[in-house]
Amino acid sequence: GDYVLQDSLLPGNGIIAIKKSNKNLLWICTSEHGLYCFQNGKLLRHFTETSGLPSNNGRTLQLNEENAWFGTDKGLVKIIYDNGIFHLQKYSTSDGLASNIINSIYVDSNIVYLGTPEGLCYFDERKIETNSFCNLVLTRAGIGDSTVDFSDKYVLPGGERFVVEF
């Protein structure tokens, strides 16, 4: 038969995967527009970079219990649905993943297996630390056109230009 695109819930979206949870949540992974979650035909949430995803470019989707695992080209996200509230937990190379490009996901209890361009990697989500750190080194600071000494304390008047380089 013919398929009519104008009746689509998500016209113009490249659909990568569709999964339905035990609690009747319909998860839809798209190639460029993030992740959608529907329940009983109504949109509950549209997840994008603005709402906490590392990327809108979905590559894979896996459900485990009521949790959705969303693989992107910039990392992995676990979305926990708890009594109408969504919680996001992000994982990336800074947490020890072999790659931020996640092509496939399989979850067995607390062990998460990931297919990446670097090969297969896995982790026990109970043991991984997800506190990403940025080791930023300040190399120069300036007020106006003058470089300042980091050991001194400065109070800037309103409207003063402040420059930081790293």
Side-chain angles (χ1 to χ4, degrees), residues 1-137 164-166:
D2 294 350
Y3 297 95
V4 182
L5 289 178
Q6 60 262 31
D7 290 343
S8 172
L9 293 171
L10 305 170
N13 282 287
I15 307 297
I16 300 297
I18 302 171
K19 308 270 182 170
K20 190 172 188 178
S21 75
N22 294 335
K23 291 191 179 176
N24 207 31
L25 296 177
L26 185 67
W27 296 90
I28 302 174
C29 168
T30 70
S31 61
E32 296 178 349
H33 300 283
L35 180 67
Y36 293 84
C37 181
F38 288 88
Q39 189 172 42
N40 301 322
K42 294 183 180 177
L43 179 65
L44 286 182
R45 187 85 178 263
H46 177 204
F47 297 93
T48 64
E49 289 176 8
T50 306
S51 61
L53 294 181
S55 170
N56 289 335
N57 301 323
R59 300 180 65 84
T60 186
L61 176 67
Q62 180 67 37
L63 299 185
N64 176 267
E65 298 169 1
E66 290 306 310
N67 303 321
W69 291 85
F70 182 62
T72 75
D73 61 341
K74 293 183 181 174
L76 174 69
V77 181
K78 177 184 180 182
I79 302 173
I80 303 159
Y81 180 72
D82 185 26
N83 293 323
I85 299 172
F86 294 96
H87 304 279
L88 279 69
Q89 178 64 59
K90 294 188 265 188
Y91 302 88
S92 70
T93 54
S94 63
D95 301 308
L97 299 185
S99 172
N100 282 329
I101 300 172
I102 310 299
N103 294 323
S104 57
I105 305 166
Y106 178 74
V107 182
D108 184 11
S109 186
N110 293 307
I111 307 299
V112 180
Y113 297 89
L114 303 173
T116 75
E118 302 301 317
L120 177 69
C121 73
Y122 65 95
F123 64 92
D124 184 332
E125 70 169 311
R126 296 171 301 184
K127 296 179 181 177
I128 193 169
E129 291 288 331
T130 57
N131 299 323
S132 298
F133 294 99
C134 175
N135 293 319
L136 185 66
V137 177
V164 176
E165 294 179 1
F166 52 93

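Side chains of L76 and L114 form a contact here, defined as non-hydrogen atoms less than 4.5 Å apart. Side-chain contact between F47 and W27 is present, with at least one heavy-atom pair separated by less than 4.5 Å. Residues N57 and T72 fail the side-chain proximity criterion, which asks for heavy atoms closer than 4.5 Å. Side-chain contact check for L44 versus F38: every heavy-atom pair is 4.5 Å or farther apart. The shortest side-chain heavy-atom distance between I79 and V77 falls under the 4.5 Å cut-off. The shortest distance between side-chain heavy atoms of F70 and L53 falls below 4.5 Å. In this structure, the side chains of E49 and P54 stay at 4.5 Å or more apart for every pair of heavy atoms. Under the 4.5 Å side-chain criterion, counting only non-hydrogen atoms from C-beta, L25 is in contact with Y81.
Within 6.0 Å of CG in N22 there are 12 or fewer heavy atoms belonging to other residues, nucleotides or ligands.
The backbone N or O of H33 sits less than 3.5 Å from a side-chain atom of H46, completing a donor-acceptor pair.
Across I102 and I105, no two heavy atoms sit closer than the pair CG2-CG1, 3.8 Å. When every heavy atom of I101 is checked against every heavy atom of P117, the shortest pair comes out as O-CD, 3.2 Å.
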Criterion side-chain contact (heavy atoms from CB on, under 4.5 Å) on C37 and F86, from CA distance to verdict: CA-CA 10 Å; C37 181; F86 294 96; 4.0 Å; yes

Test side chain to side chain donor-acceptor pair (under 3.5 Å) applied to N24 and N40, step by step: CA-CA 7 Å; N24 207 31; N40 301 322; 2.6 Å; yes

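The aromatic rings of W69 and Y91 lie parallel to each other, with less than 30° between the two planes, well short of the 60° mark.
For the side-chain hydrogen bond (donor to acceptor under 3.5 Å, both in side chains) test, residues two or more places apart in sequence or in another chain that qualify with K78 are E125.
The OG1 atom of T30 sits 9.0 Å away from the CD1 atom of I28 when rounded to the nearest 0.5 Å. Put simply, NZ on K19 and CG on L35 are 12.0 Å apart, with the number rounded to the nearest 0.5 Å. Between the CG atom of L63 and the OG atom of S21 there is a distance of 6.5 Å, given to the nearest 0.5 Å. In this structure, SG on C29 lies 11.5 Å from OH on Y36, to the nearest 0.5 angstrom. The CD atom of E32 sits 9.0 Å away from atom CG of N56, with the distance rounded to the nearest 0.5 Å. Taking NZ of K23 as the start and CD of E65 as the end, the distance is 10.0 Å to the nearest 0.5 Å.
Screening residues 102-121 for side chain to side chain donor-acceptor pair (under 3.5 Å), with sequence neighbours left out, gives R59-N103.
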